[in-house]
Amino acid sequence: ELQLNYYSESCPRAEEIVKEQVTKLYDKHYTTAISWMRNLFHDCIVKSCDASLLLDNANGIESEKNSDRSFAMRGFRYFDIIKEALENECPNTVSCADIVALTARDGVALLGGPKIEMKTGRKDSKVSYAAEVDTLIPNHNDSMATVLSRFHSVGLDTEATVALLGAHSVGRVHCVNIVHRLYPKVDPTLNPAHAEYLKHRCPPPGKEKKPVEYSRNDLTTPLVLDNMYYKNILDGKGLLIVDQELTTDPRTSPFVKKMAADNDYFHHQFARALRILSEINPLLGDQGEIRKDCRFVNTH
Ligand code: HEM
Ligand SMILES: [Ca+2]
Ligand SMILES: [Ca+2]
């Protein structure tokens, strides 16, 4: 079973080391705090919080990082820094899966989100699920029915689902995921002034000036994990179709309104939801291993 402070005897400073490194990295590259959160989602919703996401292409393993749904994910190399710090303190002790969980927890706190109690004791997978990623992670234009059924199937109720999408209160979306709502006709659910802003950020396909263009999710508090996301989507400023759908689906819209009105309530629900997410099907005992290098399964 997962437990609080699983490493209290085997590596008493484990959680402190993660926090130190996450803080140091945040001071240098604030976007790392954003990446930890998305990484936890993309690892845990694919079978298990088992660091399957972190495996590289090697020895017959096909990396989940290269699937379509992992588009624009960043910051993977920072796991190596954290793992190295932990290996220096206690070799072969702290799993990569627990690093995925703890970094997300500490990243959320640095972004002004809630403090979250998180259990540890996860083991790492020996396999990757690259072939299944695109069916297990919803797409940006999926219906809310599809999103909810996927989240419900892993124990995330509707309120938790609405809270987790609040992660889009920070970070960015690339134009490839936006232009279909702008051209040839503006999606009528978009706020017209915001649509003009987005057209300026994202020229019609083929007319881009730079190879990679994007918009920030939240122009008001782009670096804070707060309930501005819900105010924005109620104002027609959601960038993804799934963001905007939260406001129109009768199952989700009551929670959107409640979260927009009360940041503490959002934080409380976000903390609850992230805990559920981080405890999906953990590998325990000898169901998995403790990888020496988060990119590769151990070779014995
Ligand atoms: C239905 C569910 C979800 C869908 C379809 C979805 C889709 C996306 C897409 C398409 C992007 C933008 C990629 C880009 O163009 O750069 C994105 C960004 C992001 N997502 Fe989600 N997402 C979902 C749920 C979540 C959840 C549950 C979390 C975390 C708890 C999360 C965290 C993030 C973060 C932090 C970013 C910004 C990444 C960055 O700036 O580097 N998302 N998501
Ligand atoms: Ca996984
Ligand atoms: Ca924000």
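Read the numbers this way: they start at 1 and go in the same order the structure lists the ligands and their atoms.
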Participant: Only heavy atoms count here, so choose which of Phe71, Phe151, Trp36 is nearest to atom 2 (C) of ligand 1.
Facilitator: Phe151

Participant: Below 3.0 Å, can you find an N, O or S atom of Thr221 next to the Ca ion (ligand 3)?
Facilitator: yes

Participant: Is it the case that the side chains of Asn92 and Lys292 hold a donor-acceptor pair, with the cut-off being a distance below 3.5 Å and no angle test?
Facilitator: yes

Participant: How does Asn139 reach ligand 1, by side chain, by backbone, by both or by neither, if only non-hydrogen atoms under 4.0 Å count?
Facilitator: backbone

Participant: Determine whether a donor-acceptor pair (N or O, by modelled atom type, separation under 3.5 Å) exists between the side chain of Ser128 and the backbone of Glu62.
Facilitator: yes

Participant: Do Tyr214 and Asn177 get their side chains close enough for a donor-acceptor pair, meaning under 3.5 Å?
Facilitator: no

Participant: On the ring face of Tyr6, is Lys119 found with NZ or CZ under 6.0 Å from the centre and within 45° of the axis?
Facilitator: no

Participant: Considering only heavy atoms of Arg74, which atoms of ligand 1 have at least one such atom less than 4.0 Å away?
Facilitator: 39 (C), 40 (O), 41 (O)

Participant: Could you identify the single nearest non-hydrogen protein atom to atom 12 (C) of ligand 1 and state the distance to 0.1 Å?
Facilitator: Arg172 O, 3.7 Å

Participant: To the nearest 10°, how many degrees is the angle Ser48 O to the Ca ion (ligand 2) to Val46 O?
Facilitator: 90°

Participant: Below 4.0 angstrom from a heavy atom of His140, which ligand 1 atoms are there? Numbered from 1 as shown, please.
Facilitator: 5 (C), 10 (C)

Participant: For a 4.5 angstrom cut-off between non-hydrogen side-chain atoms, does Thr93 reach Leu86?
Facilitator: no

Participant: Please state which option from Glu245, His168, Met144 has its nearest heavy atom closest to atom 17 (C) of ligand 1.
Facilitator: His168

Participant: What protein heavy atom sits nearest atom 8 (C) of ligand 1, and how far away is it?
Facilitator: Leu240 CD1, 3.6 Å

Participant: Please answer whether the main-chain N or O of Met73 pairs with a side-chain N or O of Ser70 as donor and acceptor at a distance below 3.5 Å.
Facilitator: no

Participant: For Tyr214, is the nearest heavy atom under 4.0 Å from an atom of ligand 1?
Facilitator: no

Participant: Which of these, Ala167, Pro222, Gly107, Ser169, has its nearest heavy atom closest to atom 29 (C) of ligand 1?
Facilitator: Ala167

Participant: Quick check on the Ca ion (ligand 3): does Ser169 put an N/O/S atom closer than 3.0 Å to it?
Facilitator: yes

Participant: Out of His42, His174, Met37, who gets a non-hydrogen atom closest to atom 14 (C) of ligand 1?
Facilitator: His174

Participant: For the Ca ion (ligand 3), find the closest N/O/S atom on Asp226 and give its atom name.
Facilitator: OD1

Participant: Counting the benzene-type ring for Trp, do Phe270 and Phe266 have ring centres under 6.0 Å apart?
Facilitator: yes

Participant: Does Lys65 make a cation-pi contact with Phe76, if we ask for NZ or CZ under 6.0 Å from the ring centre and within 45° of the axis?
Facilitator: yes

Participant: Taking only heavy atoms of Ala72 into account, list the atoms of ligand 1 that are under 4.0 Å away from them.
Facilitator: 14 (C), 16 (O)

Participant: Of the protein's non-hydrogen atoms, which lies at the shortest distance from atom 3 (C) of ligand 1, and what is that distance?
Facilitator: Phe41 CE2, 4.1 Å

Participant: Round to 10° and report the angle made at the Ca ion (ligand 2) by OG of Ser52 and O of Asp43.
Facilitator: 130°

Participant: Taking Gln21 for the side chain and Ala85 for the main chain, is one N or O donor matched with an acceptor at less than 3.5 Å?
Facilitator: no

Participant: Students should be able to answer this: which protein heavy-atom is nearest to atom 11 (C) of ligand 1, and at what distance?
Facilitator: Arg38 NH2, 4.0 Å

Participant: Which atom, among the N/O/S set of Asp50, is closest to the Ca ion (ligand 2)?
Facilitator: OD1

Participant: Would you mind checking which non-hydrogen protein atom is closest to atom 1 (C) of ligand 1, with the distance to 0.1 Å?
Facilitator: Val147 CG1, 3.7 Å

Participant: How about Phe41 and Trp36: are their ring centroids closer than 6.0 Å?
Facilitator: no

Participant: Taking the basic N atoms (NZ, or NE/NH1/NH2) and the acidic carboxylate oxygens, is any pair closer than 4.0 Å for Lys231 and Asp226?
Facilitator: no

Participant: May I ask you to identify, for Ile34, whether its side chain, its backbone, both or neither come under 4.0 Å of ligand 1 on a heavy-atom basis?
Facilitator: both

Participant: Suppose we only allow N, O or S atoms; which atom of Asp218 ends up nearest to the Ca ion (ligand 3)?
Facilitator: OD2

Participant: Verify, without hydrogens or angle tests, whether Arg74 (side chain) and Ser35 (backbone) share a donor-acceptor contact under 3.5 angstrom.
Facilitator: no

Participant: Establish, yes or no, whether a centroid distance under 6.0 Å links the rings of His174 and His140.
Facilitator: no

Participant: So, the side chain of Glu64 versus the backbone of Tyr129: is there a donor-acceptor pair under 3.5 Å, distance only?
Facilitator: yes

Participant: Between Asn177 and ligand 1, does any nitrogen or oxygen pair lie at a separation below 3.5 Å?
Facilitator: yes

Participant: If the cut-off is 4.0 Å to any non-hydrogen atom of Gly171, which atoms of ligand 1 fall inside it?
Facilitator: 37 (C), 40 (O)

Participant: Give a yes or no on whether the backbone of His168 and the side-chain of Asp243 come within a donor-acceptor separation of less than 3.5 Å.
Facilitator: no

Participant: Flag Val224 as yes if one of its N/O/S atoms falls below 3.0 Å of the Ca ion (ligand 3), otherwise no.
Facilitator: yes

